[in-house]
Amino acid sequence: MARMISRPAVLLSPLAMIVVAAAVMALAPAPVAATKYNITKILAPYKEYSKFNDMLSKTRLAYDINRRQTITVLAVDNSAMSALDHYSLQTIRHILELHVLVDYYGDKKLKKLAHGSTASSSMFQAWTCIQATGSASGMSGYVNITRKDGKVSFMTEDADDTAKPSRYVKSVKEFPYDIAVLQVSSIISSAEAEAPVPPPAPVDLEELLSKRYCKSFASLLSANAEVFRAVNETKDNGLTLFCPVDSAVAAFAATYKNLTAKAKAAILLYHAVPDYFSLQLLKSNNGMVTTLATASDKKMDYSYDVKNKGETVTLQTRVVTSSVTATVGDMEPLAVYAVNKFLQPKELFKVVEAPAPAPEPSKKKKAGRGGSDDDSSDDSGDSTADAEKGDAAPALLVRWLVTAVATAGVAYALMG
């Protein structure tokens, strides 16, 4: 859901400026896949945290955790999770964001806290700072970590007088200094995180698709009641739909007509990814995505690679490469993008093999001074390769500088 930010009535203090900049950096997508660790897989063997793990997936918080480079997750057991039963899914996400600290706190670090206490920014702090206008408190969403008498506890800045600290129980899994998963005794309390969140406005998917670019694809979806129901029911929990434009549907019509009913259902579901991806996230991360078609057939993979180059995002299925051409709608948790080709899964169509690289030109012998052949070869190609390698580091530096400047620009815009 696009978040509108009004200009502050007054200039922010230097401390607030730093907080805003930190929040922007915390929410900014990592330039590459940040970590090789998957929080849901880490927690999977521990059945006592199954409810916590399940809620990380349902709120899509797991994805945000997995793309962080340095993180601490404060998990609670199944009995403690019952405290969240009466909250909406979006409010639960905000509460669980308090349990994700954007710094590494392993067992050893907790037991050696300087001065016995510190404050750590949480994912919820980053979100509230971006939402803040005017004189909103910059400390909202920070979690105080205190060590006293050999015991460590966690408590938010805005907790009321009746709130009890959540105690550190044990370390569950640590990968220094990337991710630490710790158990705490109870849900961390915060009045702001627990505030009711209005549900997203209902979206008529067929109407949305029919307005721009995707009228033909909308007809295919609506004609298959089972597929449309699966896509429509997923959109409220996180869905990215890639819809082929009308000309792409027309070009594929004859092939589609000859598919079996099962294959037609699979190929339509193949265009739906059960997670929300903003366009910025698609442009800044490469990787494989699974689709609703995977869930429909356990024996098949039905995934494809999302690639980006500059401002262009492509979907590579190994049968066809399709490019994102426009945003049809982006209202978190639903994003719909128009693509220029009908996606064809390798499970149903013949894979197009990549062309073999062209053979290198043979190296010609040079004539020596006496008219005789010189055995030394032309090394101009090696020089070119060395030059390209030499250009790589400056190019990466330029990319980093551009990213840094862009981030600073966003922070400045937020500050008014």
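Side chains are part of it too, since the values below use all heavy atoms of this structure and drop only hydrogens, waters and symmetry mates.
Here F175 pairs with Y37 under the ring pair (Phe, Tyr, Trp, His ring centres under 6.0 Å) rule; sequence neighbours left out. In this view, Y49 and Q183 satisfy the side-chain hydrogen bond (donor to acceptor under 3.5 Å, both in side chains) rule, not counting sequence neighbours. For S88, the side-chain hydrogen bond (donor to acceptor under 3.5 Å, both in side chains) criterion is met by T91, not counting sequence neighbours. The salt bridge (charged side-chain N to carboxylate O under 4.0 Å, His left out) search around D103 returns K109, not counting sequence neighbours. Every residue two or more places apart in sequence or in another chain was checked for a side-chain hydrogen bond (donor to acceptor under 3.5 Å, both in side chains) with T317, and none qualifies.
Ring orientation note: the planes of H94 and F124 are tilted relative to one another, at an angle of 30° to 60°. Between F342 and Y256, the ring planes are tilted. Angles from 30° to 60° get that label. Taking the six-membered ring where tryptophan is involved, the planes of H99 and F52 are tilted, since the angle between them lies from 30° to 60°.
Atom-to-atom distance recorded for I95:CD1 and E192:CD is 12.0 Å, nearest 0.5 angstrom. In this structure, OG1 on T314 lies 10.5 Å from NZ on K341, to the nearest 0.5 angstrom. Once rounded to the nearest 0.5 Å, the distance linking CG of L110 with OG of S171 reads 9.0 Å. In this structure, R212 CZ and C243 SG are separated by 10.0 Å, a value rounded to the nearest 0.5 Å. L96 contributes atom CG, which lies 11.0 Å from atom OG of S122 (distance to the nearest 0.5 angstrom).
Considering only heavy atoms from C-beta on, Y276 stays 4.5 Å or farther from L334 through its side chain. Put simply, the side chain of L74 reaches to within 4.5 Å of the side chain of I188, judged on heavy atoms. At least one side-chain heavy atom of I145 sits under 4.5 Å from a side-chain heavy atom of S120. Side chains of T156 and Y142 form no contact here, defined as non-hydrogen atoms less than 4.5 Å apart. Side-chain contact between L208 and V203 is present, with at least one heavy-atom pair separated by less than 4.5 Å. The shortest distance between side-chain heavy atoms of K151 and Y168 does not fall below 4.5 Å. Between V245 and V249 the shortest side-chain heavy-atom distance does not fall below 4.5 Å. At least one side-chain heavy atom of I71 sits less than 4.5 Å from a side-chain heavy atom of M123.
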Quick one: do T325 and N340 satisfy side-chain hydrogen bond (donor to acceptor under 3.5 Å, both in side chains)? Show the steps, please. CA-CA 7 Å; T325 58; N340 64 351; over 6 Å; no
Full working for side-chain hydrogen bond (donor to acceptor under 3.5 Å, both in side chains) between N308 and N286: CA-CA 6 Å; N308 60 77; N286 293 318; 2.8 Å; yes
Report the C-alpha distance between N53 and Y46 in whole Å, list the side-chain angles of each, state the deciding distance to 0.1 Å, and finish with yes or no for side-chain hydrogen bond (donor to acceptor under 3.5 Å, both in side chains). CA-CA 9 Å; N53 198 16; Y46 305 95; over 6 Å; no
Evaluate side chain to side chain contact (heavy atoms under 4.5 Å, CB included) for T290 paired with V273, printing each intermediate quantity in order. CA-CA 6 Å; T290 57; V273 176; 5.8 Å; no
Side chain to side chain contact (heavy atoms under 4.5 Å, CB included) between M81 and I187, intermediate numbers included: CA-CA 7 Å; M81 280 295 291; I187 293 295; 4.3 Å; yes
side-chain hydrogen bond (donor to acceptor under 3.5 Å, both in side chains) evaluation trace for N144 with E157: CA-CA 7 Å; N144 290 328; E157 285 282 340; 3.1 Å; yes
For side chain to side chain contact (heavy atoms under 4.5 Å, CB included), just list the numbers for Y213 and D246, CA-CA rounded to whole Å, side-chain angles, deciding distance to a tenth of an Å, and then say yes or no. CA-CA 6 Å; Y213 310 114; D246 292 343; over 6 Å; no
Can you list the steps and then say if L56 with L43 is a side chain to side chain contact (heavy atoms under 4.5 Å, CB included)? CA-CA 10 Å; L56 290 182; L43 288 171; 4.1 Å; yes
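Taking every heavy atom of both residues into account, V227 and L269 meet most closely at CG1-CD2, 3.8 Å. Here the closest non-hydrogen pair linking S185 and S166 is N-OG, 3.6 Å. Counting all heavy atoms, side chain and backbone alike, R147 lies closest to K112 at NE-N, 4.3 Å. Of all the heavy atoms in T255 and F349, the pair that sits closest is CG2-CE2, 3.7 Å. Taking each heavy atom of C214 and V328 in turn, the nearest pair found is SG-CG2, 4.0 Å. The shortest non-hydrogen separation linking P345 to I267 is CD-CG1, 3.9 Å.
For residues 69-93, every residue pair satisfying the salt bridge (charged side-chain N to carboxylate O under 4.0 Å, His left out) rule, not counting sequence neighbours, is listed here: D64-R93, R93-E97.
Between K211 and E206 there is no salt bridge, since no side-chain N of the basic residue sits under 4.0 Å from a carboxylate O of the acidic one. Between D301 and K346 there is a salt bridge, with a side-chain nitrogen of the basic residue lying less than 4.0 Å from a carboxylate oxygen of the acidic one.
With ring centers used as reference points, Y304 lies under 6.0 Å from Y270.
More than 12 non-hydrogen atoms from other residues, nucleotides or ligands lie less than 6.0 angstrom from CD of Q316.
Residues S278 and D330 bring no donor and acceptor atom of their side chains to less than 3.5 Å of each other. If you check the side chains of E174 and Y104, you find a donor sitting under 3.5 Å from an acceptor. A side-chain donor-acceptor contact under 3.5 Å links N38 and T40.
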